[in-house]
2 protein chains.
Amino acid sequence: MNKTFVSADDVAKRAGVSRSAVSRTFTPGASVSEETRQRVMQAAEALGYHVNQLARGLMRSESGIVCLVVSEMDTPYRARLVRALTHELQLAGKISMLINTDRSDGSVDTALRQTLHYRADASILLSGLPDKAITKLCLDSGQRIVLINRDDEIEGPFRINLDDGVAARVAVSAFLRAGCRRLAFANSAVGTPSLMAREQGFVAAARDFGLDVTVVRHGNTVYESGRTIGRTLFSGLEPPDAVFCVNDLMAFGLMDAARHEFGRRIPDDLCVVGFDDIEQSGWSSYALTTFTQPVDEIVRNSIAWLVNGDASSRSAFLHAPLIWRKTIRGTRRNG
Amino acid sequence: MNKTFVSADDVAKRAGVSRSAVSRTFTPGASVSEETRQRVMQAAEALGYHVNQLARGLMRSESGIVCLVVSEMDTPYRARLVRALTHELQLAGKISMLINTDRSDGSVDTALRQTLHYRADASILLSGLPDKAITKLCLDSGQRIVLINRDDEIEGPFRINLDDGVAARVAVSAFLRAGCRRLAFANSAVGTPSLMAREQGFVAAARDFGLDVTVVRHGNTVYESGRTIGRTLFSGLEPPDAVFCVNDLMAFGLMDAARHEFGRRIPDDLCVVGFDDIEQSGWSSYALTTFTQPVDEIVRNSIAWLVNGDASSRSAFLHAPLIWRKTIRGTRRNG
DNA sequence: TTGTACGCGTTATCAG
DNA sequence: CTGATAACGCGTACAA
């Protein structure tokens, strides 16, 4: 063996047929006689031949590659989304390229440029937001772009968003039914549109009931920020009896601070609701009542739009139902 | 715009030079005059040209693609590893293809075949184990293979393993120093070599001190299995006062069962040690004493072997130090 | 330094 | 149904 890939030519020679016959054998829906097919397959097997997707992608207009643009992909929700996306993409005959935008040097635009280098058929953005010029460039190159939970303003990509406003109202009424009156909202300082929508929806819904909301924004959307906010909130003069955390990770941090550093009992002294419904929310140390991300629907919508040419619908608006566990006291009603 | 990629030919025409000049402009270390370079760059910018890596990979022997073969990639440790790998690979000028082997149809072999389709320069396997024939096929095709925490037997790939045996001995002596005498080991039923190495090392080390170990194996290596094992262990006649869990997730499940269902206090009534040191281990609800996966070293070793042609060393054996938190009582000593 | 010509491995086209 | 030939977009000897 001389450490090199075997080509269709090699197979053709060995099988005693033309290169075209080999190509046809490996092209679904082409017309080959059963006899040549057998001969080709046999030779291919013996030589260890594999279709070169690079060359195939060069000929056809599509490469079969879909790029996933993500930062902080070890975050539970992101990780779950990436897992589901890659799985369904494979089922649809696509392959995923993972582009990590963790470092800070204009990463998203650089990443999107990478997707052009590899002639990706599409890009799915789970993090960040591309420059408008880059987006147009991708679109003009025939690429499809999906934005998950990012923004509503940018034109061209397919946008998937959740009804954060509705969720916020559901949270307020759940708190009120539990008898809570001192409401707080724990947000990160990131300022992503969907994060801000939850905050504003919560504040607005509370105001409808004549209640003010203490809003605290701090750091990234992670556990440690929730903990810091918890300390701020519970060492203040009027500590809240209900907190809506912008995601589950922050909720855990806040709960840990409240319980272990301030002796709060949940849900007796304090009600908490989160967002994402990551795996840890089901763990009995937290048992967090939280809004669930409809991951399957998100994935289905994304891929349906990628593979079908349905360029008509340009956005999807999905519902995030409340999962009742044990961090809101009282009786459960539908969320 | 007619929804298509622009080629080097287009750029050449617009810049009034030959196509070779364009190629040279985008090939690092080629000789082009500053003037033509400028003209080419300008034309490329105006047209929105991007080098086609597929075609480039067709010419050169290497595609720049590295495949990551993973299952259950939303597991915290796996997710962290994937994040770190993609990040460093990008820094090394490579791009990651993510292959999800979650479904059960002979997945790993199918996955590895996919890596051949796209002429990947290398494959990194975080899950599963390939058939020997497939491995040989990849190797013969000039591909490099890295096995992370998988097996020691298979020949050809670069293997990265942890000193699970040493860790097991450290765990035993930590338990003994804390005054524990009724030892247990919580394992999954998966039976991966590294998982079994931890178990056997623990049992052997305990025997050296004249102690028996209650070994329980159940389900997958996840939270719920740990919980189930916890129930089994603490509803038994001789419940343990120390448990080594084969990974952190199982430790959390076991701790939650012990605390919330059996009223055990940790570390007063029960000492626990885990493995992986995932983010959740630092959360104050768990504060788990655990062995840390040297992720950075794993990544560095993998990539060093992939990009440099150092085919001499065929394995790395890394140390997993113990991180002391609050699930083992008594004084800390070096792990 | 520049342009020409060829090859990389595949598919599409067309004549047989 | 089959085989020859022309693309696809790029790198690279080679000659100019």
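Quick note on labels: first sequence line is chain A, next is B, and so on, each numbered from 1.
- Looking at heavy-atom distances under 4.0 Å, S33(A) makes contact with sugar-phosphate atoms alone, never a base.
- Without hydrogens or angle criteria, N52(B) side chain to L54(B) main chain gives a donor-acceptor distance under 3.5 Å.
- Residue contacts shown for V32(A) are limited to sugar-phosphate atoms, with no base heavy atom under 4.0 Å away.
- Put simply, the side chain of L125(B) does not reach to within 4.5 Å of the side chain of I148(B), judged on heavy atoms.
- Rounded to an integer number of Å, the gap from CD of Q38(A) to C1' of dC1(D) is 16 Å.
- Annotation: Y49(A) is not in aromatic contact with F5(A) [ring centroid separation under 6.0 Å not met].
- Atom-to-atom, CD of E35(B) to P of dT1(C) comes out at 13 Å; the value is rounded to the nearest Å.
- If you measure from atom CG of L54(A) to atom C1' of dG11(D), you get 15 Å, rounded to the nearest angstrom.
- Atom C1' of nucleotide dG3(D) and atom CG of D9(A) are separated by 13 Å, given to the nearest angstrom.
- A salt bridge does not link D121(A) to R144(A): none of the charged side-chain nitrogens sits closer than 4.0 Å to a carboxylate oxygen.
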With 3.5 Å as the limit, what N/O pairs link the protein to nucleotides 4-9 of chain C?
from: dT4(C); atom 1: O4; to: S20(B); atom 2: OG; distance (Å): 2.9

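- Residues that satisfy the salt bridge (Lys or Arg N to Asp or Glu O under 4.0 Å) test with R119(A), not counting sequence neighbours, are absent from this structure.
- Here OG of S31(A) is found 10.5 Å from CZ of R37(A). Values are rounded to the nearest 0.5 Å.
- Regarding F26(B), its CZ atom lies at a distance of 10 Å from the P atom of dG11(D), rounded to whole Å.
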